[in-house]
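Here's the structure we're looking at; comments come further down.
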There are 2 protein chains.
Amino acid sequence: MNKILIIEDDPAVSKGLEISLKNENYEPLIENDGEKGFQTALKIRPGLILLDIMLPNKNGFDICRDLRLSGHNFPIIMLSAKAEEADKVIGFELGADDYVTKPFSVKELMARIKAVLRRRSVIVSDFDKYEFDDVTLDFSKLEAKKGNKKIDMSLKEYEIMKYFISKEGLIVTRNDLLDEVWGYENFPTTRTVDNYILALRKKIETNHSRPKHLLTFHSAGYKFVK
Amino acid sequence: MNKILIIEDDPAVSKGLEISLKNENYEPLIENDGEKGFQTALKIRPGLILLDIMLPNKNGFDICRDLRLSGHNFPIIMLSAKAEEADKVIGFELGADDYVTKPFSVKELMARIKAVLRRRSVIVSDFDKYEFDDVTLDFSKLEAKKGNKKIDMSLKEYEIMKYFISKEGLIVTRNDLLDEVWGYENFPTTRTVDNYILALRKKIETNHSRPKHLLTFHSAGYKFVK
DNA sequence: TTCATTTTTGACAATTCTGTGACAATTCAA
DNA sequence: TTGAATTGTCACAGAATTGTCAAAAATGAA
């Protein structure tokens, strides 16, 4: 997931970036045409896009906006020769993650790439407070309460709850959870999931052996209901 | 530092905004009168102002202009029923940061608030004295006290405290700190952060091994509470 | 330059979290 | 109703993270 798509029509710039990125163990790919770049982005789903603004066929702003409109949220860093604030603002409003003006120092750009990727790797979806029954979860403060008693939950437990909540009312299989919460780095057994369910039930359910929110669906998975 | 002043005379709108903002962990405050809103802005120095245009006593354009004239640069997002481009231009020329036409989607407005605050977040943090428990920090004089004993703190320690304070109650990851306090020039390891935490705890906590203000959140980061 | 201070790193200890397997309980299907 | 499969439950080992200290490296002033 460290593919980086460079959409940039000046070979001097793109070649330089390619070399620097390879040095940092990313996998750079160059497109020098706006429309083709856009298509490639959709196809290869890069981990990050370095996006020039002035491009043949489709400019950077349009690419950024269209990617966002079509529901993709690849991290995007816009590159531009113009230092004007206006460009910057537009870039951010279209959903760019960062904005770098040429000429830029390679070191700085690398740092910004790292920063953007780091920020993204943490954030998942866009609610950070959620309530059901007598339970309150605050994901940005990592605070949880049942009634007026604080609940101690680990980060992984928050992540699991967040995933369940985002799928409220739907069956979530153990493999869904392993893929989405644990990711592709770790491969615990499906039993691990059951253990977390148990732990969560003890925390959020009034009677953990008669769950009302984290329900079992035999030989399918679990379902969270509000 | 996340107070948001809503100056809006339609309760249907302001109440709705209040609820949404609370959900996002902001602290909304409503004024329904132009002149009073203006005075309140001067008094409470909000982190951002949501400003309607049509208002009793003093309209939004005047409020915006007068705030800027009196040297304040709170981020301002203008709200208006009129979609006319003219309004837009005037709003920006008066120094508004963004402009949203009613009816607006709450999600969009929240996104714009975040975007404006992000753009501004580099500049703001305009407090230079802060107190909690028996600790006093003066960021412009670089003086600190616990009880009546002076504390020796390095500049970086002041910067870290300032960042924590600006995120009071929220989780701050080590990477947040590295991005925001250290910036893009230096890349110390995350262990460096822990060491600063230790040093700061020894200085500001009464019992550094039982911290009450700089709290650890395992596998997430730290949180400052007042 | 030297010296004092600040910043960073690395090592190790202490703590917390995760994952696993065993066994019990439950569910399903025939 | 019975047996196989699935899920509930628990306690423990070892992984991973954080606390802590001391020493090395960097910085800045005299």
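Each chain gets a letter, A, B and so on, in the order its sequence line appears, and its residues count up from 1.
The nucleotide whose nearest atom lies closest to any side-chain atom of B:R174 is, among D:dT7, D:dT18, C:dT18, D:dT18. Nearest nucleotide to the side chain of B:Y222, out of D:dT18, D:dG8, D:dT20: D:dT18. Closest to the side chain of A:L198, from the set D:dT20, C:dT7, D:dC10, is D:dC10.
Distance alone, capped at 3.5 Å, is enough to place a donor-acceptor pair between the A:E205 side chain and the A:K212 backbone.
Residue A:R201 places at least one side-chain N or O under 4.0 Å from the OP1 or OP2 atom of D:dG8. Close to C:dT8, at under 4.0 Å from its OP1 or OP2, lies a side-chain N or O of B:W182. Side-chain nitrogen and oxygen atoms of A:S154 include at least one within less than 4.0 Å of the OP1 or OP2 phosphate oxygen of C:dT18. At D:dT17, none of the side-chain N or O atoms of B:T216 fall inside 4.0 Å of OP1 or OP2 (strictly under the cut-off). Contact annotation: A:K202 reaches the phosphate of D:dC10 (side-chain N/O to OP1 or OP2, under 4.0 Å). The phosphate of D:dG19 (OP1 or OP2) has no side-chain N or O of B:H208 nearer than 4.0 angstrom.
In this structure, A:A220 reaches the sugar-phosphate backbone alone: every heavy-atom distance under 4.0 Å involves primed, P, OP1 or OP2 atoms, never a base. Contacts of A:T192 with the nucleic acid, taken as non-hydrogen atoms under 4.0 Å apart, include base atoms.
The separation between A:F217 atom CZ and D:dG8 atom C1' is 17 Å, rounded to whole Å. A:Y196 has its OH atom 18 Å from the C1' atom of D:dT7, to the nearest Å. When rounded to the nearest whole Å, the span between CG of B:L155 and P of C:dT6 equals 10 Å. One atom, NZ of A:K156, and another, C1' of D:dA15, lie 12 Å apart when rounded to the nearest Å. Atom P of nucleotide D:dC21 and atom CG of B:N195 are separated by 11 Å, given to the nearest angstrom. Here C:dT18 presents its P atom at 14 Å from CG of A:L177, a figure rounded to the nearest Å. Rounded to a whole Å, the CZ atom of B:R210 is 16 Å from the P atom of C:dA14. Atom pair B:D194:CG and C:dA11:P shows a separation of 16 Å (rounding to whole Å applied).
Using a cut-off of 4.0 Å between Lys/Arg side-chain N and Asp/Glu carboxylate O, A:D194 and A:R174 are scored as salt-bridged. Classification of A:K15 and A:E18 as a salt-bridged pair holds, one side-chain N sitting under 4.0 Å from a carboxylate O.
Remark: aromatic rings of B:F224 and B:Y163 are distant, center separation not under 6.0 Å.
Nearer to the 5' terminus of DNA chain D, by closest-nucleotide assignment, is the contact made by B:H218 (compared with the other of B:S209 and B:H218). Between A:S219 and A:R191, the residue anchored closer to the 5' end of DNA chain C is A:R191, taking for each the nucleotide with the nearest heavy atom.
Going from atom CG of A:L21 over to atom CD of A:E27 covers 11.0 Å, rounded to the nearest 0.5 Å. We find the OG1-CD1 distance between A:T216 and A:I197 to be 7.5 Å, quoted to the nearest 0.5 Å.
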